[in-house]
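Please read the structure below before turning to the comments.
Just so it is clear: chains get the letters A, B, ... in the order the sequence lines come, proteins before strands, and each one is counted from 1.
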There are 2 protein chains.
Amino acid sequence: MITQNHYTKRITLADIARVSGFSISTVSLVLNEAPLSRYVAASTKEHIRAVASKLGYRPDAAARSLRSRRSHTIGIMVSDISDPFCTLILQGIEKALHSTTYLPIIMIAHNQRKQFGRHLEMLMERRVEGLILVANWLFGEFDQLADIRKSQIPMVGVGRDLTASRVRSLQVDNEAGGYAAAQHLYELGHRKIAVLRGPSELADSDRRWNGIQRFAAEAGLSLAPELVGQLSPADDPTSEFEGGYRLISSMIEKGAEFTAVIAFDDLTSLGAIRALRQAGRHIPKDCSIIGFDDIPHAAVNTPGLTTIRQPMEQMGSMAAKWVLDSLADTKSHTTVGPSSLTGTLHLLPPELVIRQSTARRLVDMRATPVTRLSVASQGRARRKKR
Amino acid sequence: MITQNHYTKRITLADIARVSGFSISTVSLVLNEAPLSRYVAASTKEHIRAVASKLGYRPDAAARSLRSRRSHTIGIMVSDISDPFCTLILQGIEKALHSTTYLPIIMIAHNQRKQFGRHLEMLMERRVEGLILVANWLFGEFDQLADIRKSQIPMVGVGRDLTASRVRSLQVDNEAGGYAAAQHLYELGHRKIAVLRGPSELADSDRRWNGIQRFAAEAGLSLAPELVGQLSPADDPTSEFEGGYRLISSMIEKGAEFTAVIAFDDLTSLGAIRALRQAGRHIPKDCSIIGFDDIPHAAVNTPGLTTIRQPMEQMGSMAAKWVLDSLADTKSHTTVGPSSLTGTLHLLPPELVIRQSTARRLVDMRATPVTRLSVASQGRARRKKR
DNA sequence: TTGTACGCGTTATCAA
DNA sequence: TTGATAACGCGTACAA
């Protein structure tokens with residue numbers, strides 16, 4: 001016999017059966033509103049439900065999932081929970097899953113390979129029916145994923161391109177974003193534009209840079225080498241702030257001339273802004289600056305940060321929907337399933353959000369543009385690329 | 001017979017037993033490194049492990065937990081995942097749980113009562129062994145919690161005072177924080193200080209206000225009524241930014257004179273900062289401002305935001321440790337358990353973090369104080385209260 | 001050292 | 001209309 005449990009006794013179907021005087025089967029039928037319960041007398045149903053609720057019955061998920069061979073859960077692996085980028089994606093996933101019978105099981109990897117593997121293992125042991133990888137930074141490649149793929153579980157990566165690990169991925173169109181950023185500044189009259197590229201190990205860095213270069217080529221804009229900096233590789237996202245600060249500080253020290261800055265992302269912009277302010281430059285009067293991401297802080301910063309917005313919530317809910325669709329397919333059709341889509345990369349259009357950190361490059365412009373209040377939906381223009 | 005599953009066949013102990021030629025029991029003993037496995041031949045162990053790994057065996061968490069009557073999970077209910085306040089607490093919890101055998105099951109309530117109830121129910125069905133409620137905003141009272149309490153599950157609230165719902169809680173000492181904020185500005189020479197109080201339904205608002213008043217009384221500082229504003233009740237945390245903006249804007253319009261602002265929290269500060277800037281006031285030269293929380297953005301804002309820091313990570317890990325301790329107690333001792341601590345409120349000391357948004361109130365002071373770079377650990381002074 | 005048997009709480013099938 | 005029974009995969013006392 002098992003050691004008598006010290007917890008409050010768990011109420012089981014058997015208890016309800018005993019108290020109500022009906023069999024376990026009947027009780028189960030009734031409480032689950034199973035098809036067969038049509039034939040159960042209404043009075044019986046009522047009685048059983050009353051007993052169940054009086055006893056505080058709660059079905060045991062473990063027993064249920066053991067029997068039904070379904071966990072009704074979807075694993076979410078988040079690389080960094082303190083990054084608003086991940087958090088917003090998470091929010092999108094949550095919302096998409098909310099109306100379904102699936103429960104998200106969220107795991108936090110803290111950007112550490114070891115944690116990642118360990119947590120992945122736990123998710124598999126819990127027999128999640130789908131897997132979403134939310135990545136903000138380096139995810140690298142993972143042999144373990146190959147292992148997982150064999151299990152036929154629908155899997156999608158969101159935020160970063162994980163196709164190198166043969167995972168279907170969803171992310172913003174970085175190149176279009178870079179292009180749009182350059183275009184925006186160009187159209188405002190800027191010709192001497194500094195660019196702060198992202199760290200080299202991040203594929204996104206090059207994509208954004210390519211977009212910038214593509215626009216420059218098309219517009220006949222030249223990007224002076226001394227105005228192009230690159231963030232150093234780092235595992236810590238907050239180092240981006242310092243990176244932006246250092247790069248711009250050093251450009252200013254060297255006497256480089258520029259009237260606008262394209263930063264790798266919003267955090268980098270904030271670093272750049274501090275550097276500019278310390279040098280006594282006003283934004284956007286003396287220098288415009290544009291970021292990337294549209295993290296929540298961008299809107300509440302002063303000046304409001306003009307940026308290239310990633311539709312993070314949308315990315316999250318889209319990823320969730322992909323998984324749900326695969327799940328539906330797998331259940332109704334044959335074994336073929338979604339494996340055919342392995343390795344696909346899907347790009348979502350970014351959105352230019354104009355706030356107060358960018359302004360027309362003019363000699364006679366007013367001291368400072370009128371700053372309006374609205375946080376979220378202000379001055380937004382869409383420019384879809386590709 | 002159950003409908004043949006279309007998923008890849010699950011590898012069970014039976015499979016390993018069959019392939020390896022040993023019995024299920026032996027396989028189980030070996031793989032779990034159970035005490036009895038001492039007597040199993042080393043060669044056997046090796047063989048079994050080899051087979052298990054070759055077949056890609058993964059124990060089924062549901063079956064295991066059904067049998068052992070333990071879920072090895074702790075439920076975490078987060079009121080708002082997009083709030084860095086919650087997120088940092090979550091991080092602390094995660095870190096504390098990381099070294100244990102417990103797995104956090106994170107649920108997101110999106111600040112909605114209905115979700116909260118539904119998710120709570122799911123956590124109970126999953127038989128979480130402990131429960132942590134991470135609240136940032138309104139949590140209100142919950143009958144359901146009473147229901148949960150009966151189940152004897154260790155439960156703690158963190159971030160807000162939930163003792164009204166008879167939940168042991170952990171939060172920052174808001175009164176000490178308010179006191180420290182007022183003191184800081186006073187010591188810098190400020191005498192005309194505007195105060196932006198939090199919304200009235202939030203107990204924290206009054207506590208911080210009490211702290212401010214207490215300091216004012218002790219120092220003989222008078223708080224002019226026209227310099228005291230209050231945020232309106234709102235369910236949306238980002239409305240705090242707008243609240244701060246509006247209150248300060250209107251004070252300025254009315255010609256109120258002040259040289260410093262104590263804002264309810266960091267987001268409110270940011271709104272206030274925008275209002276001040278629009279009125280052409282420089283921070284901190286013309287007006288100092290201090291926030292509360294120390295959300296990550298405070299450090300990367302320009303000027304860096306002086307604020308009263310809540311030790312969010314510490315709060316999270318402390319809450320986790322409480323639950324773990326209760327769990328340990330419950331398992332070793334009698335049924336008495338931790339219920340004796342129901343309703344306790346534990347306060348953690350806040351910390352004054354000095355950055356660049358506050359400065360001495362002087363006539364002859366330099367135009368702007370030297371701004372240094374370091375993001376995190378700069379200019380921090382501790383002042384513990386109570 | 002290893003194998004047998006049983007039960008954890010549910011659900012599906014088949015009988016009554 | 002309802003009830004008995006056999007799995008689901010695992011862990012463990014007990015027997016061999």
A:Asn32 CG - C:dG9 C1' separation (whole Å): 12 Å
Under-4.0 Å side-chain N/O to phosphate OP1/OP2 contact, A:Thr26 with D:dG3: yes
Contact under 4.0 Å: A:Ser28 side-chain N or O vs C:dT11 OP1/OP2: yes
B:Leu29 CG - D:dG11 C1' separation (whole Å): 9 Å
Counterpart residues, side-chain hydrogen bond (donor to acceptor under 3.5 Å, both in side chains), relative to B:Glu121 (two or more places apart): A:Arg58
OP1 or OP2 of C:dC6 under 4.0 Å from side-chain N/O of B:Arg67: no
Any donor-acceptor N/O pair under 3.5 Å between D:dA4 base and A:Ser25 side chain: yes
Separation of D:dC10 C1' from A:Arg127 CZ (nearest whole Å): 11 Å
Of residues 11-22 of chain B, the positions that come close to DNA chain C - non-hydrogen atoms, cut-off under 4.0 Å: B:Phe22
No-hydrogen, no-angle side-chain donor-acceptor test under 3.5 Å, A:Ser23 and A:Thr26: yes
Aromatic ring pairing A:His72/A:Tyr102, orientation class (parallel under 30°, perpendicular over 60°, tilted between): tilted
Length of the line joining A:Arg126:CZ and D:dC10:C1', which is rounded to integer Å: 15 Å
Atom-to-atom span, CD of B:Glu125 to P of C:dG9 - whole angstrom: 15 Å
Near-strand residues of residues 43-65 of chain B, defined as heavy-atom separation under 4.0 angstrom from DNA chain D: B:Tyr57, B:Pro59, B:Asp60, B:Ala63, B:Arg64
Whole-Å distance separating the CZ atom of B:Arg70 from the C1' atom of D:dG11: 14 Å
